[in-house]
Amino acid sequence: MFGCLVAGRLVQTAAQQVAEDKFVFDLPDYENINHVVVFMLGTIPFPEGMGGSVYFSYPDSNGMPVWQLLGFVTNGKPSAIFKISGLKSGEGSQHPFGAMNIVRTPSVAQIGISVELLDSLAQQTPVGSAAVSSVDSFTQFTQKMLDNFYNFASSFAVSQAQMTPSPSEMFIPANVVLKWYENFQRRLAQNPLFWKT
């Protein structure tokens, strides 16, 4: 039903089923993993109204599992990339794997998938640092950067009458900066990745 992928490693498709609605993948040598991809295989969809919450578990200094919610997969969103490199020192969160006797090895982390109602998934809050940059966050960053640049440059604007001659300095008319700003915003709205071409 699920697959798990780490860069430079073989794809895992044989999840260990630890309960009727819970599955885990082992991640050996987890200290050297930055990102993990969790995906549905496409062979068995979730039942109507169901999805899977995705958790990351690593052993703490006492060897006890620390579980953190990464996000979810659903029939409408059958795969997700999660950044786990910064999670290893974080705090655990509430999770559905607590009462289970899952076999663990000290240097092995796990990805857990719990099949739950979509309504329940919508109310869960993943660890913020697990999300991988998306087009939306990139677009948001770019918009903030543009606004900041325009506001900064505009704060130095003076009228032609206020200008003092200075042969060693170059001046850019504010309307040129405004035109660039508006063009960049328009192109960003049409295609957030236009700058790659």
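- Phe171 and Phe149 sit in two unconnected hydrophobic clusters of ILVMFWY residues. Membership requires side-chain heavy atoms under 4.5 Å apart, directly or through other members.
- Put simply, the side chain of Pro45 reaches to within 4.5 Å of the side chain of Asn75, judged on heavy atoms.
- With sequence neighbours excluded, the residues satisfying side chain to side chain contact (heavy atoms under 4.5 Å, CB included) with Glu182 are Leu178.
- Partners of Gln123 by side chain to side chain contact (heavy atoms under 4.5 Å, CB included), not counting sequence neighbours: none found.
- The side-chain heavy atoms of Asp29 and Asn32, taken from C-beta on, include a pair separated by under 4.5 Å.
- In this view, Thr13 and Val11, Leu41 satisfy the side chain to side chain contact (heavy atoms under 4.5 Å, CB included) rule, not counting sequence neighbours.
- Residues meeting the ring-ring contact (aromatic ring centres under 6.0 Å, His included) test with Phe72, sequence neighbours left out: none.
- Minimum interatomic distance between Val73 and Val38 (heavy atoms only, all atoms of both residues): CG1-O, 3.9 Å.
- For Val18 against Val24, the heavy-atom pair with the smallest separation is CG1-CG2, 3.9 Å.
- With hydrogens and angles disregarded, a donor-acceptor distance shorter than 3.5 Å links the side chain of Gln12 to the backbone of Asp26.
- Between Tyr55 and Gln110, every side-chain heavy-atom pair lies at or beyond the 4.5 Å cut-off.
- Using a 4.5 Å cut-off on side-chain heavy atoms (C-beta onward), Tyr58 and Gln68 make contact.
- In this structure, OG on Ser85 lies 10.5 Å from CD1 on Ile33, to the nearest 0.5 angstrom.
- Annotation for Lys179: atom NZ does not count as buried by contact number, only 12 or fewer foreign heavy atoms lying within 6.0 Å.
- Residue Met40 holds its CE atom at 10.0 Å from OG of Ser79, rounded to the nearest 0.5 Å.
- The structure places OG of Ser57 at 9.5 Å from CG of Leu27, a figure rounded to the nearest 0.5 Å.
- Side-chain contact between Val36 and Cys4: present, with at least one pair of heavy atoms (C-beta onward) separated by less than 4.5 Å.
- In terms of heavy atoms, Ser114 sits closest to Lys22 at OG-NZ, 3.5 Å.
- Formation of a donor-acceptor pair under 3.5 Å by the Ser120 side chain with backbone atoms of Glu116 is not found in this model.
- The line from NZ of Lys83 to CZ of Phe56 is 13.0 Å long, rounded to the nearest 0.5 Å.
- Contact record, Trp180 with Leu146: CH2-CD2, 3.3 Å, taken as the closest heavy-atom pair.
- Residues satisfying the ring-ring contact (aromatic ring centres under 6.0 Å, His included) criterion with Phe152, sequence neighbours excluded, are Phe156.
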Would you check, one step at a time, whether the test side-chain contact (heavy atoms from CB on, under 4.5 Å) holds for Leu69 with Thr125? CA-CA 7 Å; Leu69 177 64; Thr125 305; 5.8 Å; no

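- A search for side chain to side chain donor-acceptor pair (under 3.5 Å) contacts involving Asp147 returns Gln143, Tyr181, not counting sequence neighbours.
- Side-chain contact between Pro126 and Leu70: absent, with no pair of heavy atoms (C-beta onward) separated by less than 4.5 Å.
- The hydrophobic clustering, which links ILVMFWY residues whose side-chain heavy atoms are closer than 4.5 Å, places Phe39 and Leu10 apart.
- In this structure the side chain of Met50 reaches within 4.5 angstrom of the side chain of Leu117, judged on heavy atoms.
- Of the inter-residue distances, the one linking Ile113 atom CD1 with Phe2 atom CZ reads 4.5 Å to the nearest 0.5 angstrom.
- Contacts of Pro165 classified as side chain to side chain contact (heavy atoms under 4.5 Å, CB included), with partners at least two apart in sequence or in another chain: none.
- Taking Ser159 as the reference, Gln162 meet the side chain to side chain donor-acceptor pair (under 3.5 Å) condition, with sequence neighbours excluded.
- For Gln17, there are no side chain to side chain donor-acceptor pair (under 3.5 Å) partners at least two apart in sequence or on another chain.
- The shortest side-chain heavy-atom distance between Ser53 and Gln124 falls under the 4.5 Å cut-off.
- To the nearest 0.5 Å, the span separating CG on Leu121 from CZ on Phe46 amounts to 8.0 Å.
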